[in-house]
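Notes follow the structure.
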Protein chains: 2
Amino acid sequence: MAATKDPRPCSIADALALVGEKYSLLVLREVCLGNGRFDQLVRNIGAPRDILATRLRRLVDAGILTKRAYSERPQRFEYRPTQAGLELEPVLMTLMAWGDRHLRKDDDRPMVIEHVCGNELAPVVTCRACGDPVRHEDLAAHPQVSGWTVSGPSAA
Amino acid sequence: MAATKDPRPCSIADALALVGEKYSLLVLREVCLGNGRFDQLVRNIGAPRDILATRLRRLVDAGILTKRAYSERPQRFEYRPTQAGLELEPVLMTLMAWGDRHLRKDDDRPMVIEHVCGNELAPVVTCRACGDPVRHEDLAAHPQVSGWTVSGPSAA
DNA sequence: TATGGTGAGTTTGGATTTCCTACTCACCGG
DNA sequence: CCGGTGAGTAGGAAATCCAAACTCACCATA
């Protein structure tokens, strides 16, 4: 019989196993902002130094960041996003927009991103095929691994 | 003087404070799939029951889930996403796509989402104003709170 | 009416992580 | 030589996590 104990196989879970630990996505935020030095990260994130060191190692190992020296003698390092890391930035933007909408009063947004088009960035997740915004009602899930089910959302 | 110890104020951090704990986003995944009952969640996520109970309380308190009885006598409950919860689904989709691209070989995707347009969902984060995909090079950050800086990403 | 089963948790006690403070080590500037 | 900065390590207390067992209410059946 199939495994009845294992959790559902899923790329969301896999992704979170890499970047879902505390501070990891904040590290990515800072690194994408161009603040990739250890002490900057400590200050801007508010993480304990040892935890930060652990996270950085992990993110480098995972191929999300690179560590490069910006100065030999004295050796000084800087972390930067890889391509894979940069491709997580839209996730951060979407999450930030969600936070701005649901966690704050009015338009007290601590940070505004400007898009190259000249407007303030308001990220929208769309379907590549048809271009429409992704809405829950328009989605249907199909597990590719047998044994895993999705109940259609019983109508509200 | 300004606080030199506090971390950067940021909606990403605030959002993660709510949904960034282990399992929280997986709970949301299951609930969006329509699997909102406690034992389903335990099985599909693989979380310890006590942790799950804690997360559920937190997500309900935060207004991301609701708890509703689908049966009185015997009392049986089901968790469902609120509007705010549903609006996090695009984040999950984007994260899943990232995981599919970077964490898996070939097209071994454990789960495929079908969009109402008839195609397999490939989520793209776009700028609402101009419709273009969001790319790192096209963004410029502006902290709204003084004292916080962003270094322009020194050219690769 | 005893027997077993399900759903939805709570309890318990031990294994991991995280957190905080302090410390190191290398180098630089005066 | 002295103090300061960047990039971490070290050590122990505090918080979390985990698995398994337990509870409690109810239903099914025999």
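Letters go in sequence order (proteins before strands), and every chain restarts at 1. What's counted below: heavy atoms across the whole structure, side chains too, no hydrogens, waters or symmetry copies.
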In whole Å, what is the span from the CZ atom of Phe38(A) to the C1' atom of dC25(C)? 14 Å
Given the rule in the salt bridge (charged side-chain N to carboxylate O under 4.0 Å, His left out) test, do Arg135(B) and Glu87(A) qualify, once you have shown the distances and angles that lead to the verdict? CA-CA 8 Å; Arg135(B) 299 182 320 151; Glu87(A) 289 179 30; over 6 Å; no
From CZ of Arg68(A) over to C1' of dG6(D), roughly how many Å is that when rounded to an integer? 18 Å
Option from Glu78(A), Arg29(A), Glu30(A) for which side-chain hydrogen bond (donor to acceptor under 3.5 Å, both in side chains) with Asn35(A) holds: Glu30(A)
Distance in angstrom units between Asn35(B) CG and dA8(C) P, rounded: 12 Å
Let's see if you can work this out: which of dT12(C), dC20(C), dG6(D) has an atom nearest to the side-chain heavy atoms of Asp50(B)? dT12(C)
Report yes if at least one side-chain N or O of Arg49(B) is closer than 4.0 Å to OP1 or OP2 of dT12(C); otherwise report no. no
The side chain of Ile51(B) lies closest to which of these nucleotides: dC27(D), dC18(D), dG9(C)? dC18(D)
Candidate nucleotides dC19(C), dG7(C), dT10(C), ranked by approach to the side chain of Pro48(A) - the nearest: dC19(C)
Please compare Glu21(A) and Glu72(A) by the position of their nearest nucleotide in DNA chain C and report the one closer to 5'. Glu21(A)
With a 4.0 Å cut-off on heavy atoms, is Phe77(B) in touch with a base, just the backbone sugar-phosphate, or nothing at all? sugar-phosphate
To the nearest Å, give me how far apart CG (Leu52(B)) and P (dA20(D)) are. 16 Å
Can you find a side chain N or O atom of Arg73(B) that sits less than 4.0 Å from OP1 or OP2 on dC26(D)? yes
N/O (side chain, Arg57(B)) to phosphate O (OP1/OP2, dA8(C)) under 4.0 Å: no
Whole angstroms only, please: what is the CG-P distance between Leu41(B) and dG9(C)? 10 Å
State, yes or no, whether a side-chain contact exists between Arg104(B) and Ser11(A) at a heavy-atom distance under 4.5 Å. yes
Roughly, in whole Å, what's the span from CZ in Arg58(B) to P in dT16(D)? 10 Å
Can you check the Leu56(B) CG to dG9(C) P distance for me, whole Å? 7 Å
Position toward the 5' end of DNA chain C (nearest nucleotide), Lys22(A) or Gln75(A): Lys22(A)
Return no unless some side-chain N or O of Tyr23(A) is found under 4.0 Å from OP1 or OP2 of dT17(C). no
Using whole Å, what does the distance between atom P of nucleotide dT5(D) and atom OH of Tyr70(A) come to? 13 Å
Counting just side-chain N and O atoms, does Tyr79(B) come under 4.0 Å of either OP1 or OP2 of dG9(C)? yes
Do the non-hydrogen side-chain atoms of Leu92(B) and Leu28(B) ever get within less than 4.5 Å of each other? yes
Go through the steps to decide whether Glu21(A) and Arg58(A) satisfy the test salt bridge (charged side-chain N to carboxylate O under 4.0 Å, His left out), and finish with yes or no. CA-CA 10 Å; Glu21(A) 290 169 304; Arg58(A) 193 162 165 61; 2.9 Å; yes
With a cut-off of less than 4.0 Å, is there a side-chain N or O of Arg55(A) near OP1 or OP2 of dT18(C)? yes
